[in-house]
Amino acid sequence: MNPLFANLPTTIFETMSGLSRELEAVNLGQGFPDFGWPEDVLDKAADAVRHGWNQYPSMSGLPELREAVAVHYARFQRLDLKPEEVTVTSGATEALAAAILGLVTPGDEVVLFEPAYDAYLPLIRQAGGIAKAVKLTPPDWKITEKALAEAFGPATRLVIFNNPLNPTGTVFSLDQLALIADACVRNDAVAICDEVWEHLVFDGHAQIPLMTLPGMRERTVKIGSAGKIFSLTGWKVGWTCAAPRLTAAIARAHQFLTFTTAPSLQTAVAYGLGKDDAYFTAMREGFARSRARMTDGLGAAGYALLPSDGTYFVSVDLNGSGIALDDMTFCHRAVREAGVAAIPVSSFYASDPVTNVVRLCFAKSDATVDKGLERLAKARLMLG
Ligand code: PMP
Ligand code: GLN
């Protein structure tokens, strides 16, 4: 086996969901909702399977979806994308792979921010890139000018940034984005901005696309995912948005990764992106209610919460909650002994991890949240 992969553990999401299935635990680990998908989008997909085109669609995506992505971002984020700047991929995961493999030349330095979504580092290494990590730490996971100055250098070609940030739920402010944009412009680096959580932002916070900062329109690859927007994580329909020179590089890699994505799902996503504002508002409000239920229950059970403004996730500080275990031990014992699965945030670091933070997914029905809370209360009593 390729040693780059042989030495990698199975992803923490698969590990925890596997244990959860095996032990019949409540799964608050892997981020997938158990409610919230729009029925009309499902009907559209079913109709497209039955009556539409089921052969290879064009490589860069159905024209109607590329157009719908551009129109959607003009409507919600005032972006000025052309459909030709959109490439449809099989989920954001493939978008990341195509962008990284298409843009990294062996030996290039690639800056990333830890905690980092688990796909970034293996893909950087597969492309021959040299990862330079900026470590973010709780409680505020703040990016500093000093940390950026240490990570960036003359060999920096690419930055991978995730906003809102999985696993912490941080929604980065304009000031924080400006630090990254300045560093990219000064070092002539391209930014891959993973914005899959863009619609899952709460309490009046605003998600600002990195592409809108001065000097960034031509040097940013924006990544999105229908899985998050429509609560359909298994569909794996995603996209990249980037200036033509970057899109051309992404297309070269995409053609030999998946080449294309199921046309029926593309048709349904194109329809869904055009839904009226009421859908997007209600979707966010539904998840905000689950989030409040989860955070209230965690507080009542004696857990200390860290701030989280976006994504499907909230996290707890184990030490602050009176639990003297590291996050990995806590998660393994919680799933086996208390019947609840969670994600240890240390898995999102390649070295020197933060080990006292555990991520919980609240995108669940009231019944699931309540059952999960019951088990987490038990876990705290047993393990605290
Ligand atoms: N990036 C981030 C930050 C994510 O959280 C996820 C999935 N939760 C992905 C990429 C992958 O998205 P997809 O399922 O569309 O491949
Ligand atoms: N992105 C999802 C999460 O953060 C999991 C995706 C996966 O399982 N690969 O939970």
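When a ligand or atom number is given, it counts from 1 through the structure's own listing order. For reference, positions follow the sequence shown, starting with 1.
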Counting heavy atoms under 4.0 Å, the part of T93 that contacts ligand 1 is both
Classify the contact between E94 and ligand 1 as side chain, backbone, both or neither, using a heavy-atom distance cut-off of under 4.0 Å. neither
I'd like to check which ligand 2 atoms, numbered from 1 as shown, lie under 4.0 Å from a non-hydrogen atom of Q30. 5 (C), 7 (C), 8 (O), 10 (O)
Pairs of nitrogen or oxygen atoms closer than 3.5 Å, one from A92 and one from ligand 1: do any exist? yes
When you compare ligand 1 with N166, is there at least one nitrogen or oxygen pair between them that comes in under 3.5 angstrom? yes
Could you tell me which atoms of ligand 1, counted from 1 in the order shown, lie closer than 4.0 angstrom to a heavy atom of [X]?
X    : answer
W197 : 3 (C), 4 (C), 5 (O), 8 (N)
N162 : 3 (C)
K228 : 6 (C), 7 (C), 8 (N), 12 (O), 14 (O)

What about the rings of Y120 and F161, do their centers lie closer together than 6.0 Å? no
Quick one: does R219's side chain have a donor or acceptor within less than 3.5 Å of a partner on A189's backbone? yes
If we ignore angles and hydrogens, is there a donor and acceptor under 3.5 Å between the side chains of S17 and N27? yes
Looking at L148 and V134, what are the two nearest heavy atoms and their distance? CD2-CG2, 4.2 Å
Quick one: does R359 get within less than 4.0 Å of ligand 2, heavy atoms only? yes
